[in-house]
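Working notes, structure below.
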Amino acid sequence: MRSRMTGVLEEFEVPWNIELALQFHPGKKRLVVIGDQSMTGVAIANQVRAQVPGLPKEIEVEFLDEFTLDELVAKVRFASADSIFFFIPFYKDVGEAVYSAQDLLEIVWRETGVPLYSAWEFLLGHGMVGGKMISGFSHGQAVAEMGLRILDGESPADIEISISPDDPPKFDYRVLMRLGINQNLLPEGSILINEPSPFYSINRHQFWTIIISLVILSLVLILLVINIWERKQIEVRIKNQLSFLRTLMDTLPIPIYFTDRSGAIAGINRAFEHWFGVSWEHDKGFESQELALVETRFAPLLDLRMDSYEAQIRHGDGTLRPAVLHKATYADAQGENAGIVGVIYDISDRKKAEDDLRAAEEKYRTIFENSALGIFQTTPDGSWMVANPALARMLGYASPEALIAGNPNISSLYFQQSDRERVVDLYQQNRGSVEFEVLFRTRAGEIITANLNARAVRGCNDDFCHFEGFVEDITDRKAAELALAASEAMLQLVLDTIPQLVHWKDRELRIIGANRNFLAHVGQTELSVIYGKKYAEVVSYAHEVEQISRLDQEVVETDEPRFRLRLETRNLAGENMWLLVNKVPLHGPHGEVVGILSTAEDITQTMNLEKQLLQSQKMEAIGTLAGGIAHDFNNILTSIMNSTELAMEDIPEDSLNWKDLERSLKAAVRGSGLIKQILTFSRPTQEGFLPTDLREVVSEAVALIRVSMPRNITVLAEIEDDLPLCLADPTQVHQIVMNLATNAFQALGEGGGNISIRLSKMILDRDDAQLGNLVPGVYSRLCIEDDGPGIDEDIQDKIYDPFFTTKGKGEGTGLGLAVVHGIVRNHGGEIRLVSTAGFTRFDILLPTMNELCLLPGECAGALAMGNERLAFIEDDEDQLLLIPRVLEQLGYEVHSFQNPAEAVFTLCEEGLPFDLVITDFDMPGMNGFDVAGILQERRPDLPVIMVSGRKQAEEFLGQAGNIKFFLSKPYNKDMLGRAIRDVLDKEA
């Protein structure tokens with residue numbers, strides 16, 4: 001490849017130029033290299049990076065290659081003071097323009113004035129200081145010489161590749177001066193560009209010859225100037241006189257012209273130019289005097305007729321206009337006739353006004369004759385001057401003449417003469433027109449309502465000349481207005497009757513109407529108080545104002561209604577309430593939005609019912625879960641209790657092992673109590689319900705609470721006399737009072753306070769707002785309140801959740817309110833909370849005996865041993881091994897089954913003699929109901945005892961006739977023995 005090529009290698013010396021720059025600018029320690037990301041820019045930048053190690057060690061080098069033009073100027077301008085800049089040639093697109101390297105260098109130099117260096121000679125003179133640079137001319141010359149040698153036959157391989165020619169350093173004189181660089185610092189042999197030439201470089205003899213010649217020429221010039229100035233003064237005076245005359249002519253608003261002796265137009269004023277649409281300066285015809293002679297429109301101006309006369313002259317717009325010509329001759333300095341002066345007075349406007357007046361009179365006559373309104377003129381005493389046909393028809397006459405003949409005076413037409421007198425008084429009091437309603441009697445005797453609009457015309461002495469005006473029959477309109485007023489009154493009555501809050505606004509969202517309920521909502525009684533105001537001016541609750549304003553703006557902007565939007569707000573008493581809001585745009589005759597109709601319904605009670613339903617569903621779900629867990633725990637506790645009892649029978653009672661087992665048995669019993677407490681809120685049960693006097697139960701609880709409270713807490717009790725009985729479990733009611741009082745005590749804390757317990761009767765009707773989910777009837781109302789800090793609104797819907805507590809770890813189980821909620825629900829009642837800052841009250845509503853019937857009581861039987869044959873069905877393996885042993889200790893013969901289907905087959909198909917079946921309810925494949933149902937059909941003589949840890953006795957009643965007893969888990973040997981004897985003894 002080298003055999004066919006040679007050339008000049010372009011190399012530049014960055015270190016030499018930078019060291020020279022450091023001599024020019026002592027203290028500079030930072031070199032910024034400016035380039036771009038083009039292929040050439042990257043290649044040159046890499047060459048510079050290769051020479052960076054040759055720079056002084058204290059120099060810090062930075063490369064800039066990605067920026068806009070503005071960013072480049074900003075970076076250079078705000079660079080640190082110890083920076084010098086090295087510029088790599090590149091091009092830059094800025095908008096639709098392309099900037100060359102010279103353009104970019106000039107912009108940076110012009111905007112910043114910082115020291116700029118480079119290694120390319122073609123950038124010198126554009127803001128660069130200078131230095132040792134690569135010259136394109138030198139390169140071209142060297143390459144040209146190589147080319148000539150190759151053309152002469154020399155092989156390229158024999159021509160040595162040379163490096164850039166070593167040209168002397170070059171500098172820009174203007175940049176050196178601007179940066180204050182001393183020329184003594186330049187290297188020897190340096191070349192300066194843009195250096196000014198010396199003044200005294202020409203020959204001294206020639207210089208003085210030029211100076212003397214200039215002095216002589218100056219003297220001659222002064223003499224000429226003086227002569228010219230004197231002539232100019234005379235010309236100025238003449239021009240001033242001519243200018244005055246020209247200005248005088250141009251100022252006059254009427255066209256003026258004058259002619260010379262030959263009759264050609266010699267001059268015109270500006271009004272003449274405008275009127276005829278010509279220009280004296282630009283129309284060549286005036287210069288040659290041919291225009292006035294050729295155009296016929298100037299003929300009336302140039303005829304020999306003098307004096308003033310009217311003529312038709314064609315205007316510049318091409319129309320013929322009437323005008324009055326005033327012409328006269330004028331004389332020159334010698335008294336001879338020099339021409340004609342003419343003035344043109346345009347009378348077309350006057351002519352037009354006369355024509356318009358005639359047309360207006362004709363138009364008035366047409367309007368007068370054909371108007372639908374009655375028009376009249378009368379004298380001050382009421383005599384007719386003129387009346388139009390419409391007035392005659394309005395009053396039942398065939399023509400105005402018939403009207404005037406039948407009623408010579410207008411006063412005879414008034415149904416009430418007081419109206420006529422009132423009209424005359426108003427004429428005398430008012431200079432302008434008067435307008436009011438009067439009653440007229442027609443020719444047929446009918447009474448019509450008319451709108452009279454009239455005025456008094458006065459003469460020069462301010463006396464009445466005549467009356468004139470027009471009459472409009474508004475009888476039908478008055479009837480329509482009365483009907484509309486009645487309709488509006490009916491609509492307002494309807495709006496004031498409905499329970500919704502209704503108001504409407506204009507497009508600027510100003511209130512222009514409302515019903516009575518909306519006025520009550522904003523605390524007003526009259527619409528006038530809020531009329532024209534915006535919503536923020538009549539409602540103080542910021543949240544409501546913000547939401548309503550946003551909705552109004554959306555409806556106006558989108559022209560789309562908004563329906564059934566729920567809004568939480570507050571009433572005048574500061575209580576929370578919910579509104580169901582509807583917004584509908586109101587439209588004008590062209591479909592444009594002119595306002596908004598807003599309706600709102602108070603759905604606070606509905607929202608409360610929804611919350612109660614949600615709470616009820618949540619508690620039911622939790623109860624279902626708790627019931628399942630309780631069933632498993634009951635199985636475990638049943639095994640623990642019966643296994644412990646069996647073990648205790650096998651060891652001495654006074655031994656340590658016996659006492660350990662006794663503690664285990666007690667712990668199992670406590671666990672059974674906890675499971676029952678959980679089931680209290682998870683399942684409806686009325687076991688233990690009996691007619692109860694709540695006064696005794698609450699009084700007993702109050703006495704216990706008082707003695708257990710510290711001295712800084714006062715317990716107040718108010719129990720109403722003559723309360724009806726409730727079907728309730730006294731123990732559970734007692735637990736309600738104790739749990740709620742304990743919560744109140746914990747809420748009061750160390751600061752103390754008051755706890756109030758009230759028991760009263762409450763009657764709820766069907767329309768009572770407090771009815772809620774209850775049925776109408778008589779209820780006992782138990783209120784427990786305290787003046788503690790209150791319950792935060794954010795957690796009020798969670799307080800009945802099991803295990804939810806705001807107390808610290810170890811201070812509470814979170815079951816207190818959950819148990820209370822379960823007890824109240826099981827009693828068919830309802831619990832309600834009212835809490836604000838500094839006040840909390842729980843209201844317990846329990847139905848009285850007037851509303852419920854007694855349920856059958858729990859079956860009970862005697863405890864005894866037995867020797868009958870029993871079938872025991874249970875899927876739990878522990879109980880399947882344990883309970884048969886317990887039954888055998890009671891004297892019974894037991895056959896146990898783990899599979900209910902196998903048990904049914906054995907009992908029904910094999911016909912073994914059994915006296916009683918004990919079956920669990922929760923079993924896989926077939927539950928206890930299924931087993932009892934099959935036995936009812938196949939072995940109706942065989943009684944069944946149902947066992948369950950989740951179901952209750954009343955759920956089994958009526959399910960199958962052979963279910964004689966329900967036994968709840970956990971149970972022990974005594975409970976099981978009594979249940980068996982109760983069933984078998986009754987069957988016997």
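Side chains included, hydrogens not; waters and symmetry mates left out as well; all remaining heavy atoms used.
Within the structure, no pair that satisfies the salt bridge (Lys or Arg N to Asp or Glu O under 4.0 Å) test touches residues 206-226, not counting sequence neighbours. Each salt bridge (Lys or Arg N to Asp or Glu O under 4.0 Å) pair with one or both residues in residues 101-127, not counting sequence neighbours, appears once here: R77-E111, E121-K170. Residue pairs meeting the salt bridge (Lys or Arg N to Asp or Glu O under 4.0 Å) criterion with at least one partner in residues 338-353, sequence neighbours excluded, are E310-K351, R321-D346, K352-D356.
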Evaluation steps, side chain to side chain contact (heavy atoms under 4.5 Å, CB included), between M146 and V8 = CA-CA 9 Å; M146 292 180 181; V8 179; 3.9 Å; yes
Would you check, one step at a time, whether the test side chain to side chain contact (heavy atoms under 4.5 Å, CB included) holds for I34 with F67?
-> CA-CA 10 Å; I34 301 174; F67 45 75; 3.8 Å; yes
Please lay out, stage by stage, how E560 and V555 fare under the test side chain to side chain contact (heavy atoms under 4.5 Å, CB included).
-> CA-CA 5 Å; E560 293 181 357; V555 172; over 6 Å; no
Test V594 against R507 for side chain to side chain contact (heavy atoms under 4.5 Å, CB included), laying out the working first.
-> CA-CA 5 Å; V594 298; R507 185 176 177 85; 5.5 Å; no
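Shown here are the side-chain contact (heavy atoms from CB on, under 4.5 Å) partners of P561, two or more places apart in sequence or in another chain: F563, V584, P585. Under the ring-ring contact (aromatic ring centres under 6.0 Å, His included) criterion, W275 pairs with H315, not counting sequence neighbours. When the side chain to side chain donor-acceptor pair (under 3.5 Å) test is applied to N184, the partners found at least two apart in sequence or on another chain are N182. In this structure R550 satisfies the salt bridge (Lys or Arg N to Asp or Glu O under 4.0 Å) test together with E554, sequence neighbours excluded. Contacts of S218 classified as side chain to side chain donor-acceptor pair (under 3.5 Å), with partners at least two apart in sequence or in another chain: none. Residues forming a salt bridge (Lys or Arg N to Asp or Glu O under 4.0 Å) with R149 (at least two apart in sequence, or on another chain): E154. E508 is linked by a side-chain contact (heavy atoms from CB on, under 4.5 Å) to D506, R510, counting only residues two or more places apart in sequence or in another chain. Residues passing the side chain to side chain donor-acceptor pair (under 3.5 Å) test with Q51: none are found, sequence neighbours excluded. With sequence neighbours excluded, the residues satisfying side chain to side chain donor-acceptor pair (under 3.5 Å) with H326 are S308.
Counting heavy atoms from C-beta outward, Q312 and L320 have side chains that approach closer than 4.5 Å. Contact check for E60 versus D82: no side-chain heavy atoms found under the 4.5 Å cut-off. Side-chain contact between L192 and L176 is present, with at least one heavy-atom pair separated by less than 4.5 Å. By the 4.5 Å heavy-atom criterion applied to side chains, I268 and E273 are counted as neighbours. The closest side-chain heavy-atom distance from F276 to I344 is below 4.5 Å. Using a 4.5 Å heavy-atom threshold, the side chains of V48 and F86 count as touching. You'll find the side chain of M177 reaches within 4.5 Å of the side chain of Q183, heavy atoms only. A heavy-atom distance below 4.5 Å is found between the side chains of I150 and T6.
Between the CZ atom in R174 and the CG atom in N194 there is a gap of 3.5 Å [rounded to 0.5 Å]. Rounding to the nearest 0.5 Å places CZ of F24 at 5.5 Å from CD1 of I181.
Across every non-hydrogen atom of L55 and I59, the tightest pair is CD1-CG2, 4.5 Å. Contact between F63 and A45 at its shortest, heavy atoms only, is CE2-O, 3.9 Å. Here the closest non-hydrogen pair linking I84 and A21 is CD1-CB, 4.0 Å.
No donor-acceptor contact under 3.5 angstrom links the side chains of D70 and T68, judged on distance only.
Y330 places a side-chain N or O within 3.5 Å of a backbone atom of T259 that can act as its donor or acceptor partner.
Around atom CD of Q37, more than 12 heavy atoms belonging to other residues, nucleotides or ligands sit under 6.0 Å away. When the shell of 6.0 Å around CZ of R270 is examined, it contains 12 or fewer heavy atoms from other residues, nucleotides or ligands.
A tilted orientation is assigned to the rings of F272 and Y257, their planes being inclined by 30° to 60°.
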